[in-house]
Amino acid sequence: MSVLTILEFPDPRLRTRAEPVRAFDAELKQFVADMFETMYDANGVGLAATQVNVHQQVLVADMSDERNQPLVLINAQILEKDGEQVYQEGCLSFPGIYADVTRALKVKVKAQDVDGNEVVMDFEGPLAVCIQHEMDHLAGKVFVDYLSPLKRSMLLKRMEKQRKQAASA
Ligand code: GNR
Ligand code: NI
């Protein structure tokens with residue numbers, strides 16, 4: 001098992017569109033284990049393969065307080081969306097910045113598990129936010145893309161400032 005390096009904005013590799021997974025083999029299982037280790041190590045509630053520079057449609061999540069409800073979705077597709085919610089989002093690729101984003105309240109997702117079995121699952125509330133956030137990463141999209149240009153440039157300047165302070169400390 002290993003903790004992988006998480007790409008940070010403005011790394012252009014975060015804009016890569018992930019390819020579907022075709023081989024449900026031991027290498028995939030090892031990669032999924034590494035993604036969980038990386039997500040838990042970073043105290044994240046989700047992680048997309050894009051963020052660790054692997055451009056395959058793999059996402060992991062765990063929104064439980066006890067950190068004991070791991071969820072892995074491979075080749076996920078949204079079948080249905082319903083309603084709207086506003087949630088304050090953060091992202092491991094944007095350390096220290098948070099912003100309100102409007103997304104669907106509920107999503108019905110078709111995906112595969114690590115063995116390649118098809119699963120259809122319904123998500124609602126914070127977990128639905130997380131799944132939509134991770135699926136965006138796999139499409140090369142990030143949460144600040146939803147903000148107004150003014151709000152986005154304010155937050156990105158703030159992130160840059162914090163980065164410089166951290167580097168000089
Ligand atoms: O750890 C994370 N927290 C979070 C909070 C609100 C909405 C989405 C997220 S996902 C984020 C981890 C991450 O960057 N996943 O891509
Ligand atoms: Ni993210």
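Order of listing sets the numbers, starting from 1, for every ligand and every atom in it. The figures that follow rest on heavy atoms only: side chains count, while hydrogens, waters and symmetry mates do not.
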Between [X] and [Y], what is the shortest heavy-atom contact and its length?
X	Y	result
S2	T38	O-OG1, 3.8 Å
S93	Q51	OG-NE2, 3.1 Å
L59	M35	CA-CE, 4.3 Å
A49	Q56	CB-O, 3.4 Å
R152	L147	NH1-O, 3.2 Å

Provide the number and element of each atom of ligand 1 under 4.0 Å from a heavy atom of [X].
X	value
H137	16 (O)
Q51	13 (C), 14 (O), 15 (N), 16 (O)
G44	1 (O)
C91	14 (O)

Q: Answer yes when R103 and E89 have at least one side-chain N-carboxylate O distance shorter than 4.0 Å, and no when they do not.
A: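 Between E89 and R103 there is a salt bridge, with a charged N closer than 4.0 Å to a carboxylate O.
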(Q) Whether K29 and D115 form a salt bridge (side-chain N of Lys/Arg under 4.0 Å from carboxylate O of Asp/Glu) is what I want to check. (A) yes
Q.
For ligand 1 and Y87, I'd like to know whether there is a polar contact (N/O to N/O, distance under 3.5 Å).
A.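 Such a contact does not occur with ligand 1.
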Q) V45 to ligand 1: N or O pair under 3.5 Å? A)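 The answer is yes, given that V45 and ligand 1 share an N or O pair closer than 3.5 Å.
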So which heavy atom in the protein is nearest [atom], and how far is it from that ligand atom?
atom	value
atom 13 (C) of ligand 1	G46 O, 3.5 Å
atom 14 (O) of ligand 1	L92 N, 2.8 Å
atom 9 (C) of ligand 1	G90 O, 3.4 Å

Taking a cutoff of less than 4.0 Å between a non-hydrogen atom of the residue and any ligand atom, is [X] in contact with ligand 1?
X	answer
C130	no
M39	no
F143	no

Q: From the options E134, E89, Q88, select the one whose nearest heavy atom is closest to atom 10 (S) of ligand 1.
A: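 Among E134, E89, Q88, the closest heavy atom to atom 10 (S) of ligand 1 comes from E134.
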**Q.** Plane angle bin for H133 and F143 - parallel if under 30°, tilted between 30 and 60°, otherwise perpendicular
**A.**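 Answer is tilted, since the angle falls between 30° and 60°.
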Q: If you have a sec, read the angle at the Ni ion (ligand 2) from C91 atom SG over to H133 atom NE2, to 10 degrees.
A: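 Approximately 110° at the metal, rounded to tens of degrees.
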Q | Under 3.5 Å side-chain donor-acceptor pair for D136 and Q132 | A |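 Note: D136 and Q132 side chains miss the donor-acceptor criterion.
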